[in-house]
Each structure stands twice: as structure tokens, then as C-alpha cells.
2 protein chains.
Amino acid sequence: MSHQRRNAKRRPRAPVFAALGDETRLSLVAKLCGGQPYSISQLTQGSKLTRQAITKHLRVLECVGIVHSVRTGRESLFEFDRQPIEEIREYLDFVSQQWDQTLSRLKLFVED
Amino acid sequence: MSHQRRNAKRRPRAPVFAALGDETRLSLVAKLCGGQPYSISQLTQGSKLTRQAITKHLRVLECVGIVHSVRTGRESLFEFDRQPIEEIREYLDFVSQQWDQTLSRLKLFVED
DNA sequence: TCTTTAAGCAACCTCCGGGTTGCATATTAT
DNA sequence: ATAATATGCAACCCGGAGGTTGCTTAAAGA
């Protein structure tokens, strides 16, 4: 048995990292991971960018599943989704762990 | 006192995420975090890309501190550096934690 | 010494990411 | 009904990312 959930289509990780590789989008994530949903206009407030620019960034985040939008009346509310970030977090755990093992082996070798 | 190490200039996170936002570079990281240093030619082996392309990717990783190179003789060996990845890993921990608190509040609200 | 191998440098191409403006559409408020 | 607000859609611009080719330089091997 794999540790992977059944039927959980393995999302490629690079696009998720890429989606986070932009200051504007990082800010959006920071705001949204607080739990409260925000409309596009609200998210544009305080930014120097256009509403359309913000929209594009939100679509990028949405494409990799970091956020999703719900249309309510004339505004569409965006809210955070944990899963993709959780997945790359686990991947970084794995990388760090690999490196840890290397350090352990090195230490053993030196002490021995 | 901050939890930040003294004189540790706060590296912006977005560029580190961006550096990982590419399949080729993720592969390089995967290979290098195993602990063994590799030369450019070695890292090019098995890739469909040119040596120069791989070199460029390595420079990108080097710029954000994920790897560093040591020239030995006629070849330059690249090895993994843990710190930047560790930093963004902690940031993702923070994001997840924020979200956890939201869920907790929500649960309390529903149960109450 | 001569040849092979590893890498650096530079020019070039193509395509997409990030941003803008302009206009259309739908919903809410007056 | 009309005005104001929130968003969607499309065209467009520009710079840089990712990739290539061609040539040069430096080490190592024969």
C-alpha cells in the first residue's frame, strides 16, 4: 500500500511552487489563509495593482488549487484551500529528511 | 528579541519558491539533496536538455542559495544547501497553522 | 605535445508572465 | 428606471525565462 490516498491524482509540484513564486500572490495567500473569504475588489484594496492584475494572480492560484472562488451575487469570493500547500510542505519535509540522513552518515564517518 | 537569528538578513521567500517552480530544477534538487556533489556534466547526463540549459538552471538555484558550486580542477561540483528550503518550509508551516486556527474557531462556533 | 573533456561566455530566438487599457455584462442601490 | 458597483473578457505591450548554437579557455590524459 502506498502512503498516497486512493484516487488522489498526484498533482505535479512545480506549478504549485511556481504559483507561490511571486510576491503579490504570496500576499494574497497570506491574507486568505487567515480564513476569511475576500472578494476581488477587497483584495485589490491597498494594492498598487489593477483589479485585473489581481484577478489574474487569483486565477493562477486557483488553477493549482490553492484557492477557489464562489460567486455570490455580483461578487466572487475567494477562499483558501489547504491541500496543495500541504503537499509541497510534505515534499520539503522529504528533502530536508534526505539531507539529514546525509549529515548523519557524514557524522558517523567522521567519528568513526 | 526576535526569533530570527542575529544578522540573518531575511531572504525574500518568493524567489526561492520561484526557483523550485520548474520541473527541471526540482529534479536537480532531488538529485543533489541526496548528499553527493555532482558536476555539471554529470547532472546533464540523462537529461534531454543541453549542458548550457542545465547550467542556467543551476545558476538560478545558486542565486537563491539552494545550491553552491566548488570548482575542482576542470569541473565545478554542485552541492545542496539546506537553509533556504528550510526557511520556506517553516513559512508553509506557518500558513498551515493559520488555517488550522481558522478551522478550530469554526468548529467551536458550530459546536457552540 | 596533442587531444579530449569540462566548463564559461555571448548572441540569439521564442514564448509566456505580469501588467495595462477599454469595453461589456450582471447585480445592487437609489 | 437609472446609477453605481463588481466582475468578465479581449487586445495589447514588454521584458525576461528557458532553450539553442557557436566559439573560447582551462585541465587532464595519451
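The chains referred to below are lettered A, B, ... by the order of the sequence lines, with proteins before strands, and numbering in each begins at 1.
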Exercise. Has the side chain of Arg74(A) got a donor or acceptor that lies under 3.5 Å from a partner of the other kind on the base of dT7(D)?
Worked result: no
Exercise. For the side chain of Lys56(B) and the base of dG19(D), is some donor closer than 3.5 Å to an acceptor across the two?
Worked result: yes
Exercise. Within the structure shown, what part of the strands sits under 4.0 Å from Ser41(B) by heavy-atom distance: base, sugar-phosphate, or nothing?
Worked result: sugar-phosphate
For this session: Quickly, which of Leu58(A), Val60(A), Asp81(A), Ile85(A) forms a side chain to side chain contact (heavy atoms under 4.5 Å, CB included) with Ile66(A)? Name it, please.
Result: Ile85(A)
For this session: Return yes if the base of dG22(C) and the side-chain atoms of Gln52(A) contain a donor-acceptor N/O pair under 3.5 Å, otherwise no.
Result: yes
For this session: Taking only the side-chain nitrogens and oxygens of Ser39(A), find out if one of them lies under 4.0 Å from OP1 or OP2 of dT7(D).
Result: yes
Exercise. Looking across every strand, which nucleic acid part, if any, lies under 4.0 Å from Arg51(A) by heavy atom: base, sugar-phosphate, or nothing?
Worked result: base
For this session: With heavy atoms under 4.0 Å as the rule, sort Ser76(A) into base, sugar-phosphate or nothing.
Result: sugar-phosphate
For this session: Determine: side-chain N/O of Thr50(B) to OP1/OP2 of dT20(D), distance under 4.0 Å, yes or no.
Result: yes
For this session: For dG19(D), take OP1 and OP2 only and decide whether either is under 4.0 Å from a side-chain N or O of His57(B).
Result: yes
For this session: Determine, step by step, whether Ser41(B) and Glu75(B) satisfy the side-chain hydrogen bond (donor to acceptor under 3.5 Å, both in side chains) criterion, reporting the C-alpha distance in whole Å, the side-chain angles of both residues, the deciding distance to 0.1 Å, and the verdict.
Result: CA-CA 8 Å; Ser41(B) 298; Glu75(B) 60 193 350; over 6 Å; no
Problem set entry | Side-chain N,O (Arg59(A)) to OP1/OP2 (dG8(D)) below 4.0 Å | yes
